[in-house]
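Given the structure is predicted, the values throughout are model-derived calculations rather than measurements.
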Amino acid sequence: MNLKEFSYDSIKFGIGFPFYGGYWANDLEKIIKSTIQPDKFERIDKSVTWNYSEIDFNIEKENIKFKLEINEYDDISLILLNEDIEESKQKLRDWATIIATEVEKLKK
């Protein structure tokens, strides 16, 4: 599992990792709903074809708002949307680790 923290432009804090398979978006949605159990969840299919997916999930849990993006390179990014205090960053790290671990199980 290769999690990388980043910040640039308007993104104050994010965590990314490779996904390899946009066609797993439905599985990823199930992972989020069953493991993270968000208070609010919204899926936005930006572009979906038979060999390409670009999808956002807007998620809120414990008053922490973040977005999970699957980009055109099949990478996953969790992006913190509210204030980047350390408690929020740590929760995002925890959730990214959970999601990445479950995604690894799908690959096997």
Residue list, side-chain hydrogen bond (donor to acceptor under 3.5 Å, both in side chains) with [X], at least two apart or on another chain:
| X | result |
| --- | --- |
| D39 | none |
| E87 | none |
| K33 | E29 |

Item checked: Shared hydrophobic cluster for F13 and L3 (ILVMFWY, side-chain gaps under 4.5 Å) ->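 Shared cluster, yes.
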Check: L81, L78: one ILVMFWY side-chain cluster at the under-4.5 Å cut-off?
Finding: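 In one cluster: no.
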For a quick test of your reading: what N or O donor-acceptor pairs under 3.5 Å do the side chains of residues 57-67 make, sequence neighbours left out?
residue	atom	partner	partner atom	Å
N58	ND2	E42	OE1	3.2
K61	NZ	I36	O	3.0
K61	NZ	Q37	O	3.1
E62	OE1	K91	NZ	2.9
K67	NZ	E69	OE2	3.2

Should [X] and [Y] count as side-chain neighbours, where that means a heavy-atom distance under 4.5 Å?
| X | Y | result |
| --- | --- | --- |
| N26 | R43 | yes |
| F17 | I76 | yes |
| L28 | I99 | yes |

Note to self: I'd like to know if E5 pairs up with R93 as an ion pair, taking the criterion as any Lys NZ or Arg NE/NH1/NH2 lying under 4.0 Å from an Asp or Glu carboxylate oxygen.
What the structure shows: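 Yes, E5 and R93 are salt-bridged.
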In Å and rounded to the nearest 0.5 Å, what is the [atom1] to [atom2] distance from [X] to [Y]?
| X | Y | atom1 | atom2 | value |
| --- | --- | --- | --- | --- |
| I79 | S10 | CD1 | OG | 8.0 Å |
| L80 | L92 | CG | CG | 5.5 Å |
| S77 | I15 | OG | CD1 | 10.0 Å |
| D27 | I32 | CG | CD1 | 11.0 Å |

Checklist line | Residue list, salt bridge (charged side-chain N to carboxylate O under 4.0 Å, His left out) with E83, at least two apart or on another chain | finding: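 Applying salt bridge (charged side-chain N to carboxylate O under 4.0 Å, His left out) to E83 gives none.
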Check: What residues, two or more places apart in sequence or in another chain, satisfy side chain to side chain contact (heavy atoms under 4.5 Å, CB included) together with T35?
Finding: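 With neighbours one apart ignored, the set is I31, I98, E102.
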